[in-house]
Structure formats: structure tokens, C-alpha cells
Amino acid sequence: MSLRKRLTSPEILLAPGVYDGLTAALATDAGFEALYLSGAAVAYTRLGRPDIGLTTASEMADTMALIADRTDLPVIMDADTGFGNALNARRTMQSYERAGAAALQVEDQSYPKRCGHLSDKSLISKTEMSGKIAAMADARRQDTLIIARTDAIAVEGFDAAIDRAGSYIEAGADVLFIEAPRDSDELAKIAATFKGKVPLLANMVEGGATPISSATTLQDMGFDIVIFPGGIVRALAMTAQNYYASLKESGSNKPFSDRMHDFDGLNAAIGTPGMLALGKRFDGKS
Ligand SMILES: C[C@](O)(C(=O)O)[C@H](CC(=O)O)C(=O)O
């Protein structure tokens with residue numbers, strides 16, 4: 001089912017963050033219907049750096065292509081600011097679409113952007129952002145959704161964010177993402193303003209500016225998609241810190257063995273037996 005069609009269902013769509021083939025495979029096996037390729041997660045993992053606009057569009061497109069190789073699920077892809085002006089945003093649409101994205105999220109921060117939950121953000125004008133959205137709609141060759149994100153709450157205030165979001169719908173956005181509402185009152189106001197007009201996305205960042213609400217609560221408010229972008233990196237980073245500390249302290253991999261997969265466990269998780277059987281089918285011997 002296309003993402004556009006799925007968004008007509010009353011049930012909220014959960015999209016966990018992924019950043020490579022492994023996380024895409026594991027999230028797919030967990031039974032989700034869509035994935036979110038998070039720019040923050042790619043910066044955290046591939047670069048070991050914060051989400052402050054260091055990642056390039058081609059690093060993201062490469063990552064998308066690897067993920068599309070490993071899952072058939074629709075992937076919502078973080079396109080940051082579109083990497084420049086309207087012409088750059090056009091090119092980002094074309095290359096991410098070619099890499100396999102089902103939706104692109106583009107935001108109205110000025111370049112270089114930063115994580116929506118960090119302070120000191122700055123914005124481009126509403127007019128310039130509307131132009132980027134229109135340019136992306138013009139560039140797409142498939143039914144790739146455009147998710148317009150505004151970071152205005154922290155910069156210009158809540159009312160300005162609502163005003164910008166309205167203009168972004170007029171410019172051709174298929175989904176709205178008002179970043180970093182500061183309390184559940186703001187979340188509810190966003191839903192009340194746009195519910196039924198355009199699908200709405202909520203962003204649940206552990207320790208971020210928005211209080212964590214369950215998917216059911218967000219659905220009851222009127223949200224259609226909820227993303228959990230960097231959560232998997234926070235979970236894996238803590239495991240990695242504990243694993244390396246244990247290894248360094250004990251000089252052995254035994255003390256940690258009950259908190260990790262063994263050789264067969266990991267092979268089962270990534271589908272090694274199936275791949276080896278597939279290889280046999282074509283080895284000319286069977
Ligand atoms: C959604 C987001 O743009 C992302 O890169 O995944 C980030 C999430 C994060 O930093 O954890 C954001 O700016 O909210």
C-alpha cells in the first residue's frame with residue numbers, strides 16, 4: 001500500500017528511526033509498517049557527530065539505497081533543509097527518490113541546520129520555504145510525499161509556526177511536521193488546527209523539547225504519523241558504552257555475554273541461514 005493511501009487510515013503510523021541495513025532489517029522484522037531514515041541518527045552513527053548539518057546529501061542517499069536493498073517498507077527520509085536553495089531541494093528530491101525514499105521531510109531552517117531540539121536555530125523566510133516545497137513537488141517523478149517541517153516555535157513563537165504551516169500546505173506539502181511543541185497543550189492545538197486538512201506528524205525525541213506521549217494519545221489528538229528518530233542510537237550507544245567498558249575492565253568478552261547476541265543469535269537476526277540457502281540454489285551443485 002502506498003504511504004499516501006496508508007495515511008487515509010484512522011490508525012496512527014509508527015515509524016521508528018533507522019540508519020543502516022541492520023537497523024532497517026531489525027525494525028522491519030519487528031513488524032513496523034514504515035521506517036524513518038533520520039539525519040540525526042546518520043550523523044550520530046556514521047560521523048559520531050551531532051545533528052548540526054555536517055552530513056551530506058550524498059551520504060544520506062547512499063544510506064537510503066542500502067536500506068532500500070534490505071527492506072520493502074516505505075521509508076520516510078529526512079532531507080534536512082534540502083541542502084540549499086530551491087534548486088538544491090529539487091536535486092535532493094530527485095536523488096533521494098532514485099535511492100528509494102517514499103517521503104521527504106524538508107524544514108525551514110537556514111543552512112547549516114541543527115537538530116530541532118537544540119537551541120539557537122534560525123529560519124529562512126516563509127516565502128523562500130514555500131518556493132522550496134513547490135520546487136520539490138515539481139521535481140518528483142513518483143508519488144513521493146513532501147513533509148513540510150517548521151522549526152518556528154523556538155524562533156518566532158507558536159502562532160508564527162501555525163501561520164507558516166498553513167502557507168506550506170498552500171505551497172504543496174502533503175504532510176505537516178511542526179517541530180518541537182513545548183507541551184501537550186501545543187501538541188493538542190496543532191492537531192486541532194490542522195486535523196482533517198492534512199496528515200500530521202509528531203516527533204518523539206527522548207529528552208527533547210516535547211513531552212513524550214504514547215502513539216494512542218497522539219492518535220486521539222489527531223496525529224497521523226509518529227516518528228522515533230534517534231531512539232535506536234540512544235539505546236545502542238548505551239549498550240556499546242557498557243560493552244566496551246566491560247571488555248576493557250575484564251579483558252574478556254564473557255562478563256557481557258548475557259547482554260548480547262552470540263554468533264548464531266546475530267546470524268539468525270540478520271537472516272544468514274536464508275541467505276546461505278539461497279546461495280546454494282545458484283551454486284550449480286544442488
Ligand atoms: C527528526 C530529526 O530531524 C532527525 O534528524 O531525525 C531530529 C531528531 C533528533 O535530533 O533526534 C530533529 O531535529 O528533531
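Indexing begins at 1, ligand by ligand and atom by atom, following the structure's order.
In summary, E97 and R140 do not engage in a salt bridge, as defined by a charged side-chain N under 4.0 Å from a carboxylate O. Salt bridge status for R164 with D108: present, with a side-chain N to carboxylate O gap under 4.0 Å. Under 4.0 Å is where a charged nitrogen must lie from a carboxylate oxygen, and between R70 and D20 no such pair does.
On a distance-only criterion, A41 and ligand 1 share no N/O pair closer than 3.5 Å. Between N203 and ligand 1, an N or O atom pair is found at a separation short of 3.5 Å. The shortest N or O to N or O distance between S38 and ligand 1 is below 3.5 Å.
Short contacts between ligand 1 and G39, defined as distances under 4.0 Å to a heavy atom of the residue, involve ligand atoms 4 (C), 5 (O), 6 (O). With ligand atoms numbered from 1 in the order given, ligand 1 contributes 5 (O), 7 (C), 10 (O), 13 (O) to contacts under 4.0 Å with heavy atoms of D51. Using a 4.0 Å cut-off to heavy atoms of H117, the atoms of ligand 1 that qualify are 14 (O).
Close to ligand 1: Y44, with a non-hydrogen atom less than 4.0 angstrom away.
A donor and an acceptor atom, one from each side chain of D143 and S2, are nowhere located under 3.5 Å apart. A donor-acceptor contact closer than 3.5 angstrom is absent between the side chains of S130 and S167.
Protein heavy atom at the shortest distance from atom 10 (O) of ligand 1 is C115 SG, 2.9 Å. Protein heavy atom nearest atom 9 (C) of ligand 1, with residue, atom name and distance: A40 CB, 3.6 Å.
K121 places a side-chain N or O within 3.5 Å of a backbone atom of G116 that can act as its donor or acceptor partner.
The residue from D78, T210, T55 that puts a heavy atom closest to atom 4 (C) of ligand 1 is D78.
None of T63, T55, D62 except one satisfies the side chain to side chain donor-acceptor pair (under 3.5 Å) rule with R46; the exception is T63.
When heavy-atom distances to ligand 1 are checked against a 4.0 Å cut-off, F177 has no atom that comes that close, whether in backbone or side chain. Within the 4.0 Å heavy-atom criterion, the part of R149 lying near ligand 1 is the side chain and not the backbone. For R234, every heavy-atom contact with ligand 1 shorter than 4.0 Å involves the side chain, none the backbone. Of all the heavy atoms of E179, the ones lying under 4.0 Å from any atom of ligand 1 belong exclusively to the side chain.
More than 12 heavy-atom neighbours from other residues, nucleotides or ligands sit within 6.0 angstrom of CZ on R4.
F194 and L201 sit in two unconnected hydrophobic clusters of ILVMFWY residues. Membership requires side-chain heavy atoms under 4.5 Å apart, directly or through other members.
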